Amino acid sequence: MKDYYIVYTKDGCPYCDKAIGTLREQKQPFMVGNLTHNPELLNEVKRQNEMTTVPIVQYIVHRQIPGHEQPIPHPMLVGGSDDLVKHFEEPEEGENEEEN
């Protein structure tokens, strides 16, 4: 399974639109969870991620776990829309290292 992003949103949120636009620009696979009509679930997602606003962006990485045939999804919090932009600006581990 390929890794992907989940963006938890609500209607009328310009930062949510920005996060979705960033993922499209970066050509990343993502899903949108619009929680406008489910405030109880939105509050639970905020609580679990220790966030007070939307969007809440998670990166779902699949990891092989001993004893499991298939890789298991492991959600990692990216943060809000500004955090997502920074996430793509940071080099991957081992990249951009100066050679002597």
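These numbers come from a predicted model, not from an experiment. Below, all heavy atoms of this structure are taken into account, side chains as well, without hydrogens, waters or symmetry copies.
With I56 as the partner, the side-chain contact (heavy atoms from CB on, under 4.5 Å) test is satisfied by one option alone out of V78, D83, N49: N49.
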### Message
If you apply the rule side-chain contact (heavy atoms from CB on, under 4.5 Å), what do you find for V54 with T9, and how did you get there?
### Response
CA-CA 6 Å; V54 290; T9 68; 5.7 Å; no
### Message
side-chain contact (heavy atoms from CB on, under 4.5 Å), that's the test. Do K46 and L42 meet it? Break it down for me.
### Response
CA-CA 6 Å; K46 286 179 180 180; L42 176 58; 3.9 Å; yes
### Message
Evaluate L23 against Y4 for side-chain contact (heavy atoms from CB on, under 4.5 Å), listing each step before the verdict.
### Response
CA-CA 10 Å; L23 290 168; Y4 61 94; over 6 Å; no
### Task
Give the intermediate values and the outcome of side-chain contact (heavy atoms from CB on, under 4.5 Å) for residues L77 and M51.
CA-CA 10 Å; L77 178 65; M51 302 264 308; 4.3 Å; yes
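Membership of the apolar cluster around I65 extends to I72, as traced through chained side-chain contacts below 4.5 Å between ILVMFWY residues.
Within the structure, every pair that satisfies the salt bridge (charged side-chain N to carboxylate O under 4.0 Å, His left out) test and touches residues 5-33, not counting sequence neighbours, is listed here: K18-D82.
One finds no salt bridge joining K86 and E89 here, because no Lys/Arg side-chain nitrogen approaches an Asp/Glu carboxylate oxygen to under 4.0 Å.
Within 6.0 Å of atom CD in Q70, 12 or fewer heavy atoms from other residues, nucleotides or ligands are found, so the atom counts as exposed in its surroundings. The local environment of OH in Y15 is sparse, with at most 12 non-hydrogen atoms from other residues, nucleotides or ligands closer than 6.0 Å.
For the atom pair CG of L84 and CD of Q26, the computed distance is 8.0 Å after rounding to the nearest 0.5 Å. For the atom pair CE (M31) and CD1 (I6), the distance works out to 5.0 Å, reported to the nearest 0.5 Å. For the atom pair NE2 of H74 and NE2 of H62, the computed distance is 11.5 Å after rounding to the nearest 0.5 Å. Going from atom SG of C16 over to atom CG of L35 covers 9.5 Å, rounded to the nearest 0.5 Å.
The minimum heavy-atom distance between R47 and E44, with the atom names listed, is NH2-OE2, 2.5 Å.
By the criterion of side-chain heavy atoms lying less than 4.5 angstrom apart, applied directly or through intervening Ile, Leu, Val, Met, Phe, Trp or Tyr residues, Y8 is not grouped with I20; the two fall into different hydrophobic clusters. There is no path of hydrophobic side-chain contacts, each under 4.5 Å, that joins I60 to F30.
Remark: N38 pairs with E40, L41 by the side chain to side chain contact (heavy atoms under 4.5 Å, CB included) rule, at least two apart or across chains.
Using cut-offs of 30° and 60° on the angle between ring planes, the pair H87 and Y5 is perpendicular.
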